[in-house]
Amino acid sequence: MLKIAVLYPELLGTYGDGGNGLVLAERARRRGVEASLELVAMRDELPAADVYLLGGGEDGPQRLASDLLAHNGFVDRVTDGSYVVAVCAGLQILGRTFCVDGNDEYQGLGLVDVVTRRGEVRSVGELCVRVGEQLLVGFENHGGRTVLGEGVAPLGRVLRGRANDGEVDGYRTDRIWASYAHGPALAMNPWFADEILGTVLGQELDPLGTAADLLYARRRQILTAGLAG
Ligand code: GLN
(Lines give C-alpha, C1' and ligand atoms only; values in the text may rest on other atoms or scores of the structure.)
Protein backbone atom coordinates (compact mmCIF):
# COMPACT_ATOMS: atom_id res chain seq x y z
CA MET A 1 0.00 0.00 0.00
CA LEU A 2 1.39 3.37 -1.03
CA LYS A 3 0.69 5.89 1.73
CA ILE A 4 0.34 9.51 0.68
CA ALA A 5 -0.23 12.28 3.24
CA VAL A 6 -1.15 15.89 2.48
CA LEU A 7 0.02 17.96 5.43
CA TYR A 8 -2.07 20.73 6.95
CA PRO A 9 -4.34 21.64 4.05
CA GLU A 10 -6.03 24.21 6.32
CA LEU A 11 -2.69 26.07 6.54
CA LEU A 12 -1.01 25.21 3.26
CA GLY A 13 -4.03 24.81 1.01
CA THR A 14 -4.43 28.30 -0.43
CA TYR A 15 -3.43 27.30 -3.96
CA GLY A 16 -5.06 23.89 -4.23
CA ASP A 17 -1.74 22.07 -3.98
CA GLY A 18 -3.49 19.27 -2.09
CA GLY A 19 -4.61 18.17 -5.56
CA ASN A 20 -1.07 16.84 -6.01
CA GLY A 21 -1.97 14.10 -3.53
CA LEU A 22 -5.08 13.14 -5.49
CA VAL A 23 -3.05 12.89 -8.69
CA LEU A 24 -0.38 10.67 -7.14
CA ALA A 25 -2.97 8.36 -5.59
CA GLU A 26 -5.03 8.08 -8.76
CA ARG A 27 -2.05 7.51 -11.07
CA ALA A 28 -0.82 4.78 -8.71
CA ARG A 29 -4.23 3.09 -8.66
CA ARG A 30 -4.43 3.15 -12.44
CA ARG A 31 -1.20 1.11 -12.42
CA GLY A 32 -2.80 -1.43 -10.08
CA VAL A 33 -0.98 -0.09 -7.00
CA GLU A 34 -3.15 0.36 -3.92
CA ALA A 35 -2.80 3.86 -2.54
CA SER A 36 -4.20 5.67 0.48
CA LEU A 37 -4.52 9.43 0.66
CA GLU A 38 -4.73 11.11 4.05
CA LEU A 39 -5.37 14.79 4.71
CA VAL A 40 -3.55 15.54 7.95
CA ALA A 41 -5.02 18.34 10.04
CA MET A 42 -3.13 20.49 12.57
CA ARG A 43 -4.57 18.62 15.54
CA ASP A 44 -3.71 15.18 14.11
CA GLU A 45 -0.65 13.14 14.93
CA LEU A 46 1.73 12.79 12.03
CA PRO A 47 0.99 9.47 10.34
CA ALA A 48 3.70 7.32 8.76
CA ALA A 49 3.69 7.88 4.99
CA ASP A 50 5.75 7.03 1.94
CA VAL A 51 5.20 10.51 0.52
CA TYR A 52 4.33 13.74 2.32
CA LEU A 53 3.00 16.73 0.42
CA LEU A 54 3.40 20.33 1.51
CA GLY A 55 1.65 23.14 -0.35
CA GLY A 56 1.75 26.91 -0.52
CA GLY A 57 0.25 29.40 1.90
CA GLU A 58 0.44 32.85 3.41
CA ASP A 59 3.24 33.92 5.76
CA GLY A 60 1.36 33.39 9.06
CA PRO A 61 0.09 29.88 8.32
CA GLN A 62 3.50 29.04 6.85
CA ARG A 63 5.21 29.90 10.14
CA LEU A 64 2.65 27.89 12.10
CA ALA A 65 3.09 24.86 9.80
CA SER A 66 6.85 25.12 10.21
CA ASP A 67 6.51 25.12 14.02
CA LEU A 68 4.25 22.09 13.94
CA LEU A 69 6.55 20.16 11.62
CA ALA A 70 9.57 20.95 13.77
CA HIS A 71 7.99 19.14 16.72
CA ASN A 72 5.93 16.26 15.35
CA GLY A 73 8.58 13.82 14.14
CA PHE A 74 8.39 14.94 10.51
CA VAL A 75 12.13 15.56 10.20
CA ASP A 76 12.91 12.08 11.55
CA ARG A 77 10.43 10.49 9.16
CA VAL A 78 12.10 12.15 6.19
CA THR A 79 15.57 11.33 7.46
CA ASP A 80 14.41 7.72 7.89
CA GLY A 81 13.23 7.41 4.30
CA SER A 82 9.93 9.14 3.52
CA TYR A 83 9.74 11.27 0.38
CA VAL A 84 8.46 14.87 0.22
CA VAL A 85 6.88 16.92 -2.54
CA ALA A 86 6.93 20.58 -1.54
CA VAL A 87 5.51 23.66 -3.24
CA CYS A 88 6.35 27.29 -2.48
CA ALA A 89 5.78 27.83 1.27
CA GLY A 90 6.49 24.10 1.68
CA LEU A 91 9.72 24.49 -0.27
CA GLN A 92 10.76 27.38 1.99
CA ILE A 93 9.89 25.55 5.22
CA LEU A 94 12.21 22.64 4.43
CA GLY A 95 15.17 25.02 4.14
CA ARG A 96 17.34 26.63 6.80
CA THR A 97 15.57 29.99 7.08
CA PHE A 98 12.75 31.90 5.42
CA CYS A 99 11.20 35.34 5.81
CA VAL A 100 7.74 36.08 7.14
CA ASP A 101 5.90 39.29 7.98
CA GLY A 102 8.24 41.51 6.04
CA ASN A 103 11.89 40.72 6.55
CA ASP A 104 11.75 38.82 9.83
CA GLU A 105 13.96 35.78 9.46
CA TYR A 106 12.43 32.55 10.65
CA GLN A 107 13.96 29.16 11.31
CA GLY A 108 13.01 26.41 8.85
CA LEU A 109 13.41 22.66 9.32
CA GLY A 110 16.95 22.59 7.97
CA LEU A 111 16.40 19.47 5.87
CA VAL A 112 17.98 21.19 2.86
CA ASP A 113 20.73 23.79 2.68
CA VAL A 114 18.68 26.64 1.20
CA VAL A 115 17.66 30.05 2.51
CA THR A 116 14.76 32.22 1.40
CA ARG A 117 14.89 35.99 1.74
CA ARG A 118 12.29 38.58 0.86
CA GLY A 119 12.50 39.92 -2.70
CA GLU A 120 11.86 43.53 -3.63
CA VAL A 121 8.73 42.65 -5.57
CA ARG A 122 6.34 39.72 -5.42
CA SER A 123 6.65 37.09 -8.13
CA VAL A 124 3.19 36.54 -9.57
CA GLY A 125 2.30 34.92 -12.86
CA GLU A 126 2.94 32.05 -15.22
CA LEU A 127 5.89 29.80 -14.55
CA CYS A 128 7.57 27.52 -17.07
CA VAL A 129 10.61 25.48 -16.11
CA ARG A 130 12.74 23.04 -18.11
CA VAL A 131 13.41 19.81 -16.22
CA GLY A 132 15.56 17.58 -18.41
CA GLU A 133 13.51 16.87 -21.53
CA GLN A 134 10.26 17.98 -19.91
CA LEU A 135 8.53 21.27 -19.19
CA LEU A 136 7.03 22.03 -15.81
CA VAL A 137 4.24 24.57 -16.10
CA GLY A 138 2.24 26.26 -13.38
CA PHE A 139 1.84 29.61 -11.72
CA GLU A 140 3.72 31.33 -8.93
CA ASN A 141 2.75 33.80 -6.24
CA HIS A 142 5.39 34.47 -3.62
CA GLY A 143 7.52 37.16 -2.05
CA GLY A 144 10.53 34.96 -1.31
CA ARG A 145 13.81 34.55 -3.22
CA THR A 146 15.47 31.23 -2.59
CA VAL A 147 19.23 30.72 -2.64
CA LEU A 148 20.54 27.16 -2.93
CA GLY A 149 23.55 26.12 -0.87
CA GLU A 150 26.59 24.78 -2.62
CA GLY A 151 25.91 21.28 -3.90
CA VAL A 152 22.10 21.60 -3.78
CA ALA A 153 20.70 20.79 -7.23
CA PRO A 154 17.83 22.88 -8.61
CA LEU A 155 14.77 21.08 -9.90
CA GLY A 156 14.98 22.85 -13.25
CA ARG A 157 15.88 25.94 -15.24
CA VAL A 158 13.41 28.84 -15.52
CA LEU A 159 12.13 29.66 -19.01
CA ARG A 160 9.41 32.01 -17.88
CA GLY A 161 8.67 33.57 -14.49
CA ARG A 162 11.00 33.88 -11.50
CA ALA A 163 10.78 30.83 -9.18
CA ASN A 164 13.91 30.88 -6.92
CA ASP A 165 15.73 33.77 -8.57
CA GLY A 166 14.81 34.07 -12.26
CA GLU A 167 17.35 31.37 -13.15
CA VAL A 168 16.33 28.14 -11.49
CA ASP A 169 13.31 26.59 -9.80
CA GLY A 170 13.18 24.70 -6.52
CA TYR A 171 15.57 21.92 -5.63
CA ARG A 172 15.90 18.18 -5.87
CA THR A 173 17.49 15.86 -3.34
CA ASP A 174 17.30 12.06 -3.18
CA ARG A 175 14.13 12.36 -1.07
CA ILE A 176 12.64 15.75 -1.92
CA TRP A 177 11.14 17.44 -4.98
CA ALA A 178 10.53 21.15 -4.40
CA SER A 179 9.14 23.73 -6.81
CA TYR A 180 7.48 27.13 -6.85
CA ALA A 181 4.84 25.83 -9.30
CA HIS A 182 1.23 25.80 -8.16
CA GLY A 183 -1.38 24.32 -10.43
CA PRO A 184 -1.75 21.86 -8.81
CA ALA A 185 1.52 21.08 -10.54
CA LEU A 186 1.07 17.31 -10.76
CA ALA A 187 -2.29 17.65 -12.53
CA MET A 188 -0.76 19.92 -15.15
CA ASN A 189 2.48 17.96 -15.46
CA PRO A 190 1.68 14.25 -15.32
CA TRP A 191 5.28 13.32 -16.26
CA PHE A 192 6.32 14.88 -12.93
CA ALA A 193 3.76 12.82 -11.01
CA ASP A 194 5.12 9.70 -12.71
CA GLU A 195 8.73 10.61 -11.97
CA ILE A 196 7.81 10.88 -8.29
CA LEU A 197 5.72 7.70 -8.29
CA GLY A 198 8.32 5.73 -10.20
CA THR A 199 11.00 6.75 -7.71
CA VAL A 200 8.88 6.08 -4.63
CA LEU A 201 7.68 2.70 -5.93
CA GLY A 202 11.05 1.80 -7.42
CA GLN A 203 9.37 0.80 -10.69
CA GLU A 204 9.29 1.78 -14.34
CA LEU A 205 5.70 2.92 -14.98
CA ASP A 206 3.72 2.31 -18.14
CA PRO A 207 2.44 5.54 -19.70
CA LEU A 208 -1.20 6.53 -19.11
CA GLY A 209 -3.34 8.12 -21.78
CA THR A 210 -5.52 10.28 -19.54
CA ALA A 211 -6.84 13.67 -20.62
CA ALA A 212 -4.15 15.26 -18.45
CA ASP A 213 -1.42 13.34 -20.33
CA LEU A 214 -2.84 14.32 -23.72
CA LEU A 215 -3.19 17.96 -22.69
CA TYR A 216 0.36 18.03 -21.38
CA ALA A 217 1.74 16.50 -24.59
CA ARG A 218 -0.06 19.16 -26.62
CA ARG A 219 1.04 21.96 -24.29
CA ARG A 220 4.64 20.79 -24.46
CA GLN A 221 4.50 20.75 -28.27
CA ILE A 222 3.09 24.28 -28.43
CA LEU A 223 5.50 25.66 -25.84
CA THR A 224 8.51 23.98 -27.43
CA ALA A 225 7.59 25.45 -30.84
CA GLY A 226 7.06 28.86 -29.21
CA LEU A 227 10.39 28.71 -27.39
CA ALA A 228 12.21 27.76 -30.58
CA GLY A 229 10.52 30.50 -32.64
N1 GLN B 1 4.56 33.08 2.04
C2 GLN B 1 5.54 32.70 1.05
C3 GLN B 1 6.02 33.81 0.16
O4 GLN B 1 5.30 34.76 -0.08
C5 GLN B 1 4.98 31.53 0.25
C6 GLN B 1 3.86 31.91 -0.71
C7 GLN B 1 3.22 30.72 -1.36
O8 GLN B 1 3.26 29.62 -0.85
N9 GLN B 1 2.58 30.93 -2.50
O10 GLN B 1 7.11 33.74 -0.34
Side-chain angles (χ1 to χ4, degrees), residues 5-24 39-42 51-70 74 78 84-129 136-149 152 154-156 158 160-172 176-189 192 196:
V6 174
L7 299 181
Y8 310 140
E10 70 272 60
L11 297 175
L12 302 175
T14 314
Y15 301 89
D17 298 316
N20 288 332
L22 279 175
V23 175
L24 285 180
L39 304 184
V40 183
M42 287 169 66
V51 195
Y52 294 104
L53 291 106
L54 289 167
E58 296 83 2
D59 287 2
Q62 174 174 344
R63 188 176 49 188
L64 187 50
S66 184
D67 282 343
L68 290 166
L69 292 167
F74 174 75
V78 179
V84 187
V85 180
V87 177
C88 202
L91 167 161
Q92 298 178 7
I93 287 171
L94 300 180
R96 288 202 281 127
T97 57
F98 58 86
C99 281
V100 285
D101 305 331
N103 282 318
D104 288 354
E105 195 174 86
Y106 205 76
Q107 212 61 37
L109 301 178
L111 278 164
V112 189
D113 178 20
V114 307
V115 296
T116 301
R117 302 192 179 90
R118 183 71 53 184
E120 274 174 22
V121 291
R122 252 188 116 68
S123 308
V124 184
E126 301 293 328
L127 184 60
C128 182
V129 177
L136 173 62
V137 294
F139 70 94
E140 60 181 336
N141 184 354
H142 56 102
R145 300 277 194 284
T146 298
V147 180
L148 305 182
V152 178
L155 180 67
V158 171
R160 179 168 178 181
R162 187 175 281 116
N164 294 10
D165 56 0
E167 299 285 327
V168 295
D169 177 42
Y171 48 84
R172 172 79 171 95
I176 303 171
W177 293 264
S179 170
Y180 269 104
H182 299 295
L186 301 188
M188 295 174 74
N189 305 280
F192 191 23
I196 293 163

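As the structure lists them, so they are numbered: ligands from 1, and atoms in each ligand from 1. Only heavy atoms go into these numbers, but all of them, side chains included; no hydrogens, no water, no symmetry mates.
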[X] versus ligand 1: do any nitrogen or oxygen atoms come within less than 3.5 Å of each other?
{"X": "Gly143", "value": "yes"}
{"X": "Gly57", "value": "yes"}
{"X": "Asn141", "value": "yes"}
{"X": "Val87", "value": "no"}

Which label fits His182 and Phe139: parallel for a plane angle under 30°, tilted from 30 to 60°, or perpendicular past 60°?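 His182 and Phe139: tilted rings.
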
Which of the numbered atoms in ligand 1 are below 4.0 angstrom from a heavy atom of [X]?
{"X": "Gly56", "answer": "8 (O)"}
{"X": "Arg122", "answer": "4 (O)"}
{"X": "Gln62", "answer": "1 (N), 2 (C), 5 (C)"}

Keeping the roles fixed (side chain from [X], backbone from [Y]), state whether a donor-acceptor pair exists under 3.5 Å.
{"X": "Glu10", "Y": "Met42", "value": "yes"}
{"X": "Tyr171", "Y": "Leu91", "value": "yes"}
{"X": "Asp165", "Y": "Val168", "value": "yes"}

Per-residue contact class, [X] against ligand 1 - non-hydrogen pairs under 4.0 Å:
{"X": "His142", "value": "both"}
{"X": "Gln92", "value": "side chain"}
{"X": "Phe98", "value": "neither"}

Heavy-atom check, side chain of Leu7 versus side chain of Leu68, under 4.5 Å: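 Not touching, per the 4.5 Å side-chain cut-off.
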
With Arg118 via side chain to side chain donor-acceptor pair (under 3.5 Å) - residues at least two apart: Asp59

Could you point out which residue of Asp169, Asn164, Thr146 forms a side chain to side chain donor-acceptor pair (under 3.5 Å) with Tyr180?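 It is Thr146, the one option of Asp169, Asn164, Thr146 that forms the side chain to side chain donor-acceptor pair (under 3.5 Å) with Tyr180.
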
Please determine whether the number of non-hydrogen atoms from other residues, nucleotides or ligands lying under 6.0 Å from atom CZ of Arg160 exceeds 12. no

More than 12 heavy atoms of other residues, nucleotides or ligands under 6.0 Å from CZ of Arg122: yes or no? yes

Hey, does His182 sit under 4.0 Å from ligand 1 if you only count heavy atoms? yes

For atom 1 (N) of ligand 1, grab the closest protein heavy atom and report residue, atom and distance to one decimal in Å.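 Here the closest protein heavy atom is Asp59 OD1, 2.6 Å.
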
Identify the protein heavy atom lying closest to atom 7 (C) of ligand 1, giving its residue, its atom name and the separation to 0.1 Å.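 Heavy-atom neighbour on the protein nearest atom 7 (C) of ligand 1: Cys88 SG, 2.9 Å.
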
